[in-house]
Amino acid sequence: MIRYSQEFKQSLVEMHNQGRSYTELAAEYGPLADSILNWVKFYTVHEVDGEKWTQADVNALQKENAKLREELEILKRAAVLLSKYN
């Protein structure tokens, strides 16, 4: 399986956003048209409440949020244990 760099993927997304078709890009650069379509979904910028986000940004925030929730649960348990010994 070929691994493509983020820069390569984003350049194909830009070319698609400038009017090139998935099929054209696939024929010229090698990845499957379906892969390029997924990259377009992942890297295309969307504006929400005046801020610009990509799906990659949203995924990173979701991952960070999950980690913070886990840390919060650990801290809550530690606080309960500490309160039992004070």
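Every value quoted in this text rests on a predicted model; they were computed, and no experiment measured them.
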Going hydrophobic residue to hydrophobic residue with side-chain gaps under 4.5 angstrom, can you get from V40 over to V45?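 No; tracing contacts between hydrophobic side chains, which count when under 4.5 Å, never links both residues.
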
Backbone N or O of V48 within a donor-acceptor pair of the E51 side chain at under 3.5 Å?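 Not a single qualifying donor-acceptor pair exists.
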
To the nearest 0.5 Å, what is the distance between [atom1] on [X] and [atom2] on [Y]?
{"X": "H16", "Y": "S11", "atom1": "NE2", "atom2": "OG", "result": "13.5 Å"}
{"X": "L32", "Y": "T23", "atom1": "CG", "atom2": "OG1", "result": "11.0 Å"}
{"X": "I36", "Y": "M15", "atom1": "CD1", "atom2": "CE", "result": "9.0 Å"}
{"X": "W39", "Y": "L25", "atom1": "CH2", "atom2": "CG", "result": "9.5 Å"}
{"X": "I2", "Y": "S35", "atom1": "CD1", "atom2": "OG", "result": "10.0 Å"}

Could you give me the CA-CA distance, side-chain angles and deciding distance for F42 and V13, then say whether side-chain contact (heavy atoms from CB on, under 4.5 Å) is met? CA-CA 9 Å; F42 195 71; V13 169; over 6 Å; no

Let me see the working for T44 and H46 under side-chain contact (heavy atoms from CB on, under 4.5 Å), right down to the final yes or no. CA-CA 7 Å; T44 297; H46 303 279; 4.3 Å; yes

Is there side-chain contact between K63 and N59, with at least one heavy-atom pair below 4.5 Å?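 Not touching, per the 4.5 Å side-chain cut-off.
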
Could you tell me whether the side chain of E14 reaches within less than 4.5 Å of the side chain of Y43, counting heavy atoms only?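 Counting from C-beta outward, Y43 and E14 never come under 4.5 Å.
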
Looking at every heavy atom in both [X] and [Y], which two are closest together, and how far apart are they?
{"X": "K9", "Y": "Y4", "answer": "CE-O, 3.4 Å"}
{"X": "K52", "Y": "E47", "answer": "CE-OE1, 3.9 Å"}
{"X": "A33", "Y": "A26", "answer": "N-CB, 3.7 Å"}
{"X": "R20", "Y": "E24", "answer": "CA-OE1, 3.4 Å"}

In sequence, state the C-alpha distance, the side-chain angles, and the governing distance for E70 and K67, and then conclude on side-chain contact (heavy atoms from CB on, under 4.5 Å). CA-CA 5 Å; E70 185 178 320; K67 181 181 175 189; 5.7 Å; no

